[in-house]
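Data first, discussion second: the structure below is written as structure tokens.
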There are 2 protein chains.
Amino acid sequence: MGSTATTTVPTNPELMEVLAAVGAAYFQDFAAAAARHGLSSSQAKALGAVQESVPMRALAGRLGCDASNVTGIVDRLESLGLAHREAAAGDRRVKIVVITEQGRAILGLIRGEMARTHQAFEAMSDEQRVALHSICSQVLPVLSGRAVSPQ
Amino acid sequence: MGSTATTTVPTNPELMEVLAAVGAAYFQDFAAAAARHGLSSSQAKALGAVQESVPMRALAGRLGCDASNVTGIVDRLESLGLAHREAAAGDRRVKIVVITEQGRAILGLIRGEMARTHQAFEAMSDEQRVALHSICSQVLPVLSGRAVSPQ
DNA sequence: TATTGTTATACTCTATAACTATA
DNA sequence: TATAGTTATAGAGTATAACAATA
């Protein structure tokens with residue numbers, strides 16, 4: 001296939017539109033897969049963020065929310081046996097969130113069951129996969145505010 | 001530039017990771033810009049979804065939420081003078097949400113003030129813009145469940 | 001004094017169910 | 001009977017402020 005039609009360079013608004021649509025669709029697929037395992041999208045997102053053990057405070061940073069919210073989210077993960085709190089070595093104030101084996105298993109299931117996402121990926125050529133990954137990797141530091149500051 | 005390093009084809013998990021990160025960063029940029037204008041991200045998303053007039057029920061579909069939520073969201077847009085309800089011609093049950101001039105202006109401001117997003121786009125080459133737009137457009141129908149059904 | 005985690009509070013988003021007015 | 005929109009209700013996410021324990 002590969003159309004040879006006019007390849008006009010898309011404008012910022014055009015790019016924003018498709019990017020927003022793809023982001024929303026991806027998120028819905030994620031939320032639906034999480035819901036099938038009894039997790040809200042926030043809980044599932046948190047589960048993904050604790051694949052490596054992390055203090056409560058740092059987890060709030062990763063999730064982009066206030067630290068007070070993390071208490072409740074981790075409470076629920078803990079009550080479901082998907083993660084637990086451990087005391088930190090040096091500082092008795094901090095608690096470290098550690099994912100359990102069951103938590104890791106559920107996380108793998110959720111990711112594997114994002115059917116539409118996998119379907120979308122499988123519809124892509126190798127060239128497209130390489131291009132998408134490269135563009136996202138390049139754009140991410142700027143978009144997330146972790147770019148090298150200008151000047 | 002353009003590295004000639006090993007261009008390994010990324011796996012599904014690798015693609016999911018960068019895509020999720022880009023989507024989350026984009027959404028945060030959007031929510032922050034909306035908040036500067038006193039709108040929650042849901043309200044701003046709804047505002048973007050009514051650029052063309054749409055019945056309440058259809059708006060719920062576009063936002064991917066239950067119809068009962070739309071009442072409150074449109075209530076707030078209406079109280080802010082950003083949209084209003086109109087009676088539909090043929091069916092007296094349906095109400096059509098219409099964006100106001102002020103609503104359109106605020107929407108334009110919000111989109112224009114997504115600084116990180118624009119910064120990210122401006123860091124992209126024309127080739128990358130074309131590739132990203134084309135990939136997103138191709139992938140969107142599958143990801144959002146509007147693909148041609150197999151069989 | 002500052003920091004970590006928690007609790008209390010309030011607001012928004014969300015889904016479910018029941019209601020109304022139309023069809 | 002079915003549909004569009006609303007209302008009531010309850011659960012979860014979120015931020016702010018205040019608190020206890022620790023640094």
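Keep in mind that this is a model prediction, so the values were computed, not measured. So you know, we letter chains A, B, ... as the sequences are listed, proteins then strands, and number each from 1.
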Give, ordered by number, those residues of residues 23-32 of chain B having at least one heavy-atom distance below 4.0 Å to an atom of DNA chain C; if nothing qualifies, reply none. none
Could B:E78 and B:R85 be called an ion pair, given the rule that one side-chain N must be under 4.0 Å from one carboxylate O? yes
Using modelled atom types only, decide if a donor and an acceptor are shared between the side chain of B:E52 and the backbone of B:V98 within a distance under 3.5 Å. no
Can you tell me which nucleotide in D:dG13, C:dT12, D:dT22 comes closest to the side chain of B:S40? C:dT12
Examine the base of C:dG5 for any acceptor or donor lying under 3.5 Å from a partner atom in the side chain of A:R57, and report the outcome as yes or no. yes
Would you mind reading off the distance between A:M56 atom CE and C:dT4 atom C1', rounded to a whole angstrom? 10 Å
Does A:R129 reach the main-chain N or O of A:F121 with its side chain, forming a donor-acceptor pair under 3.5 Å? yes
Aromatic ring pairing B:F30/B:Y26, orientation class (parallel under 30°, perpendicular over 60°, tilted between): parallel
Which one, C:dT4, D:dA23, D:dA2, comes nearest to the side chain of B:R93? D:dA2
Looking at A:V94, A:I73, A:I96, A:V70, which hits side chain to side chain contact (heavy atoms under 4.5 Å, CB included) with A:M56? A:V70
In Å, rounded to the nearest 0.5 Å, how long is the span from CG of A:L63 to SG of A:C65? 5.0 Å
Would you call A:R111 and A:D29 a salt bridge, using N to O less than 4.0 angstrom? no
Return whichever of B:S41 or A:A58 has its heavy-atom-nearest nucleotide of DNA chain C closer to the 5' end. A:A58
May I ask you to decide if B:S53's main-chain N or O and B:E86's side chain share a donor-acceptor pair within less than 3.5 Å? no
OP1 or OP2 of C:dT12 sitting under 4.0 Å from any side-chain N/O of B:Q43? no
Establish, with yes or no, whether the OP1 or OP2 oxygen of C:dT6 is under 4.0 angstrom from a side-chain nitrogen or oxygen of A:R85. yes
Considering only NZ, NE, NH1 and NH2 on the basic side and carboxylate oxygens on the acidic side, decide whether A:R36 and A:E113 come within less than 4.0 Å. yes
In terms of the nearest nucleotide of DNA chain D, which residue is placed more toward the 5' end: B:I96 or A:G90? B:I96
Which ones in residues 59-81 of chain A lie close to DNA chain D, meaning a heavy atom under 4.0 Å from one of its atoms? A:C65, A:D66, A:S68, A:N69, A:I73, A:R76
Quick one: is D:dA4 close enough that its OP1 or OP2 comes under 4.0 Å of any side-chain N or O from B:R92? no
Calculate the interatomic distance between B:D91 atom CG and D:dA2 atom C1'; express it in whole Å. 12 Å
Contact under 4.0 Å: B:K45 side-chain N or O vs C:dC13 OP1/OP2: no
